[in-house]
Every structure is written in structure tokens, then in C-alpha cells.
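Chain A is the first sequence line, chain B the second, and so forth, proteins listed ahead of strands; every chain is numbered from 1. Note that this is a predicted model, so its numbers are computed, not measured.
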There are 2 protein chains.
Amino acid sequence: MIHRNRSSTIADVARLAGVSIATVSRVINGNTPVIESTALRVRDAISELKFVPRAAARTLASRRTNTIGLIFSEIGGAFFPLLLKGIEAETRSAGYELLIHSTQAAHAQKRRPLGEHNTDGLLVFTSSLEIEELRKLSQINFPLVLMHQTPPDEMNTPVITIENKDGAEMLVSHLIEKHARRRIVFLQGPEGHEDSQWRERGYREALESHGISFDPGLVVSGEFDEEQAFAAMRKLLLDGIEFDAVFSGDDDAAIGVYRALKMANRSIPDDVAVVGFDDVQFSRYISPALTTIRAPIEEVGREAVRQLIHLLNGEQAQSLTLMRTELVIRESCGCKSHDSHKS
Amino acid sequence: MIHRNRSSTIADVARLAGVSIATVSRVINGNTPVIESTALRVRDAISELKFVPRAAARTLASRRTNTIGLIFSEIGGAFFPLLLKGIEAETRSAGYELLIHSTQAAHAQKRRPLGEHNTDGLLVFTSSLEIEELRKLSQINFPLVLMHQTPPDEMNTPVITIENKDGAEMLVSHLIEKHARRRIVFLQGPEGHEDSQWRERGYREALESHGISFDPGLVVSGEFDEEQAFAAMRKLLLDGIEFDAVFSGDDDAAIGVYRALKMANRSIPDDVAVVGFDDVQFSRYISPALTTIRAPIEEVGREAVRQLIHLLNGEQAQSLTLMRTELVIRESCGCKSHDSHKS
DNA sequence: GCGTTATCAGAAAGCGTTTTCATAGTATAC
DNA sequence: GTATACTATGAAAACGCTTTCTGATAACGC
């Protein structure tokens, strides 16, 4: 191990400033009054020695890690950078550190790596943690905030998510009202995926409120995935199912839908209107530009941190926060876009 | 603050197992032999009490944080998720925690938040830290690995980056050899951006090795940005500069180039071939599909962690690691792509 | 003036581990 | 059988802070 000469400690500062270490600590933390002349000497000593308190020692003594843990399953997806950006910014501005951890299947790890022993609270994204794990944490009252995942009823854990249902409803209503579509395919996401379930509900409610009866034959599985969506669309086309629009579940799946339709020589949007969900980066660049839903993902991250901090301060947190979604109209629904290339 | 009944400590485990805390510690860390029958009792006690050692106490006693810090400037960019994924995976498989921090301009923070006091070593992405800061860290021999940034000569800090020059050279040579282009525009990235400098060098060398003289009038600033690239191309077109190809610096800029060329009714690739760099997600979806360079970003992250761990172990680290880049031929160069929609 | 109350600062007790040092017991050597 | 060398464990000293408890001074009320 490379040798580094021990860096200075609070005792060195105290000695140089001619005070006790308690006083130095008080100057650093500013939680107990210290007379200005003394404080000044201490501050000088600190900067002269370039003293930085050891995080571990503070944590041990104060029983606060001053750290928030973020736990998620996959980094992939256009989603993640925005979420992380929000989380990081808010965490930092609240004066906390951010420890991150993914639970990719790969190495089945024995012990939950983030918890009481190294964080003050946890942010959990979608289903990155087993319900059982969540329950355990919740039982010991460990501060917890979920994102895009509703907890079991008995767990009163705050949740931040987006208006999936509203978004889907806007999308489908737009297809019905503005473009007179009536046979609209819905591509479901993965089994049990909560976002997907809400989107389906929005889809159904839009149909219902416009007096269109729900046809189970138009709901197939797209898995929020290009290939799966492609395959599902191929099958619909081969089976000769009739439809005049597709709500692809998300933008990734929309790419698969585009491919299948083009291959079958169906024009988008004339023969079939297509809409996505998420407004990922490529949505505005594909042709025709994709009509979709935009959600304030970054804000989801920020809000999750805010709620967690409420919890950490022993304050009440909001049990459910739903972020507004916004319809982004481009060309794939049949509208004329004014900005196929810019937001 | 929410009350939580103190969780168990190593002393509780020791008591239950009927041994001393030293023995418990030895069982946990496995660095000193403990007779199997004793170890078994200890392990039973640990799982019965659900004991998890406090990270802070371990750190304080052992003087190792077991944590790697990642410091970067911006989360945006198609780049980041991949890099983070590699870093996260490798960090975890090496048994370290990952603390992340961004240095967005916004809150000018007084003190570097990641350092000796809370991490064992630091991963620094591009220019997220001032040279002065780097120098300080390097002077106290703090383990450091840079990504996509070469350190000043006197700092013998390992660097991981990609073959920017090779990539650019492949791209430009392809345009010259396969598509007989000779007047190739190069859109530079931001001033002082190291990736951009190397790409420019590759561009020049490709020209030179094919006997094409360098024309400074064909090199303009695109800033790796759609709007800037658009503006730069508009200007070239208005000025009546002649060219038959554009190396846009990166894929984002290529979008701006596309827009400008389409607006001027120049066909891509017939009138003007266009190539990018990075192979971001949308590159295969735009029309025509973009010929570009793919770099193993995730591997950059993994390798950076590996080198840092060498340093942490007191071993020698490789001072420069250059990751191979790969030409991804699609349609915008004039080739017929076999996969405009799949990698 | 004297007793009472505020201030400010120091002493010292933790916080929960790792690690060094010491020791009892066992095995090995002759 | 005694001297020697291990081995497995325990006792106790760090590690570098925060925080409680105390005490010394100064300020105040009357």
C-alpha cells in the first residue's frame, strides 16, 4: 500500500488553535455557539492544516451517515440518466452523499448492500428489491421512498410516480377525437409492470368514455421491447386483425411497430396511426416523428429525494406523488408537426 | 426522528456465541484462522441477530472506506449510462461501494466532496475537476484514475480513453477510399475538448495518407451540439464552400448537419456523405441511418475501476489504456446498409 | 454586594469496529 | 519429560469524531 503521511485530525487543529477538540467540533458543525474570536482561530487552524473531518468518525459518533442510498435494477434505458440527474442534484443540494447500487441478476448477492449500516435512507426504483426485502426494511422503520412502484397496502411508504393513466388516456383520446380512430391496438409491457397496468387502464377508460367497446383481441404483449413489439405486430398483421392505430406501450416498442408496419406496406399514419410513451431521444428523429407522452422524470428523482429527506427529519411525507404527464404531438398520429426535429 | 431500537452490534453477537468480539471480527473478515466449531457458533449468532457490521466503525478502525468515488460533470449524453453501468458492475464485483458526485457549475461548492475523508480512491471523468484539484490529489498520492482526459505530464495518473484518432481515421479513410470523397468538412468539438483534438488529428492523418491536402476552410466549429452544427453548416452552405462529405465530430452534431443539408436540398449521401462518432441510440433510426464509430464505453468504465483497484492494492497500474473503436457502416456514407434498424 | 442565571469552553465518555499484544493450551522435537 | 514453537482466542488499545456533563466567568437583578 502506498504510504501516505497521516493527514491531520481534529486534535491537530485543536492544538494549533489552542482550544479543545470539542470546540473545534462546535465550530465545524455550528450547532453550539462559540465566541467569534475563538471560532476565528479555529477556522484559521483548519485551513492551515487543510483539515477535512473523516466521514466515518463523524458517522460513528453521531449515528448519522449523511448518505442516501439509491437502488435500482438496470441502468439501461433512456429513462435512467434523467432520473439520476434529478436525484443527484437534489441529494447534493440537501447536503447528503449518494451511494448507488444496482441489483442486476448476475451475482446473486447474499446481503442487501445498502441499509442501516451505511445509509440513512433508501431510494428504491421499480422492482429492484424483492417485496420481502422492502417489507423487512419497512418493519424496522427504515426510511424508504419508492419510485414507480406501489408498495403493499400495509407498508405506508411514500411513492413517486407519473400519471401513466392520464397520459395513456390523453394519447388514446387524441387518436379517437382528432383522428377518428376506433380500432386501437394496445401493446402491454412486461407482466406485472406497474406502469403498463396503469397505461392499460387509461387506454380502456379512453375507449369507454368515447363509447368504444373494449376488444381483448386488440391487446397483445409488446414487453416494452422493440423485438417483442415487432413480433407481436407481425402476428396481428398475419392474423388479419383489423386496426387503424397502435398505442405501443412505450417508445422502444414503437420502433418495432414501425418496422412491422413498413414491412407490411402500411403507411404511418395514414393506414395506421402510432403513438408511444416516454418521449425518448430518438422519438423525434424517427420518421414519421413519434407522437408520445413526456413525463418529468428528472422531477421524479428530485421529489423522491425531498420526500426521503422529510422522513429523515422525522417529518410527515406525502404518501403518493403523481407527476403530470404531457402529450407531445408529432406526426405519427396523423397531425402535422411543427417541429419534427426540436422539442 | 423516528425511533428505531438499536440494532445489534458485534458485542451482542459475541455474547450470544460465547466468544470475544475479536473472534467475531475474525470470523467476519476471515483473515485470521478460527477453529471451525467456534466459527460455526459465531455464524449462527450473526444470522440469528441479523447482524450487519456498521460500515463507519469498520472504516474508522481499519482506515479503509471500501468505497470508490466517481466524479463527473454532466449526466446528460448517451454516453453516461453505459459508462456508469460498467463502473457500477466492476466496482461491485470488486467488493467496493460506489459514491457518486457531479460537479455541475450551479452550486459552487467550497470543498471537494469526495476525497481522502470518504473514499479510498477516485474515478474522474473528463474535465469534471480542475487541474489544480487533480494536482493536489496527486501530490498527496491519493489513488486516482482519469477517463477521457490526459493529465499534465508530471502527474503519473492512469488514464483510460478510446482510440479517437484511429476511429476518425477509419471514418475519413472510408469516405475517401470507398466513396471517393475529397472535400471533407470536419466539425470540431468544444475548444480544448480532448476527444475532439484527437479526432481532428485522425482526420488530418487520413487526408494526408491519401494525398489530400488539408484545407483549413473545411474545419469549422460544431461543438458536438445539434444547434451549433446546424448553424455551422448553414454558414458553409451560404458561403458557397464546396464539399462532398461531412465528418460531424459526433452523432449529436450529425443531426444538425442532416437538418442543414435537407434544408438546402442536398441529398445524403449522394451529394454529401455524412459520418458521426459515438453510435448513440438514435443513429440507427435516423434517415439515412448514420455511419459512425462505436466505442466500448462500458468497458472504459470497467477498466478504469480495475486500474484504480490496482492502485488501491499498491500494485502498478497501466498509465494509458486506449480502447479500440469500431467502424459502424450504415447508409449516410453511401453504403447500402444491411441493418438500418438493428445493430 | 450577594445570589442567580447565562455563556462559553473543556474533560471525558462513548460510537462499533479492527488489530496488536499477550496467554493458555497443544503439538512437535529431542 | 522438558524445552520450543505454534495456534486459537481474549483483553484492550486504538480509530477520529460528537455530545453530555461540568465548571469557570461574566452578566444580571435586587
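- Applying the side chain to side chain contact (heavy atoms under 4.5 Å, CB included) test between A:Pro158 and each of A:Leu311, A:Leu146, A:Leu144 identifies A:Leu311 as the sole match.
- Residue A:Arg64 contributes atom CZ, which lies 14 Å from atom C1' of D:dT19 at whole-angstrom precision.
- Looking at residues 28-45 of chain A, you'll see A:Asn29, A:Asn31 sit with a heavy atom under 4.0 Å from some atom of DNA chain D.
- In this structure, B:Glu36 places its CD atom where more than 12 heavy-atom neighbours from other residues, nucleotides or ligands lie under 6.0 Å away.
- Comparing A:Arg26 and A:Thr9 by the nucleotide of DNA chain D that holds the closest heavy atom to each, the one mapping nearer the 5' end is A:Thr9.
- For the pair A:Arg306 and A:Glu299, the salt-bridge criterion is met [side-chain N within less than 4.0 Å of a carboxylate O].
- Taking 4.0 Å as the cut-off between side-chain N and carboxylate O, A:Asp44 and A:Arg41 do not count as a salt-bridged pair.
- Screening B:Val159, B:Thr157, B:Leu134 for a side chain to side chain contact (heavy atoms under 4.5 Å, CB included) with B:Gln149, the sole residue that qualifies is B:Leu134.
- The aromatic rings of A:Phe79 and A:His148 sit perpendicular to each other, their planes meeting at more than 60°, with 30° as the lower class boundary.
- Between the OG1 atom of B:Thr38 and the CZ atom of B:Arg43 there is a distance of 10.0 Å, given to the nearest 0.5 Å.
- When DNA chain C is scanned in the 5' to 3' direction for atoms under 4.0 Å from non-hydrogen atoms of chain B, the outermost contacting nucleotides are C:dG16 to C:dT20.
- OP1 or OP2 of D:dG10 has at least one side-chain nitrogen or oxygen of B:Thr23 nearer than 4.0 Å.
- Donor-acceptor pairing under 3.5 Å is lacking for the side chains of B:Arg54 and A:Thr59.
- Taking both residues in full, the closest heavy atoms of B:Phe51 and B:Thr9 are given as CE1-C, 3.5 Å, listed atom of the first, atom of the second, then distance.
- Side-chain atoms of B:Asn118 and B:Thr65, non-hydrogen and from C-beta on, never get closer than 4.5 Å to each other.
- Contact annotation: the side chain of B:Glu88 never approaches that of B:Thr91 to less than 4.5 Å [non-hydrogen atoms, C-beta and beyond].
- Atom CD1 in B:Ile21 sits roughly 11 Å away from atom C1' in D:dA13 (whole-Å rounding).
- At a non-hydrogen distance threshold of 4.0 Å, B:Leu60, B:Ala61 from residues 54-62 of chain B come into contact with DNA chain D.
- Taking atom CZ of B:Arg63 as the reference point, atom C1' of D:dG16 lies 10 Å away to the nearest angstrom.
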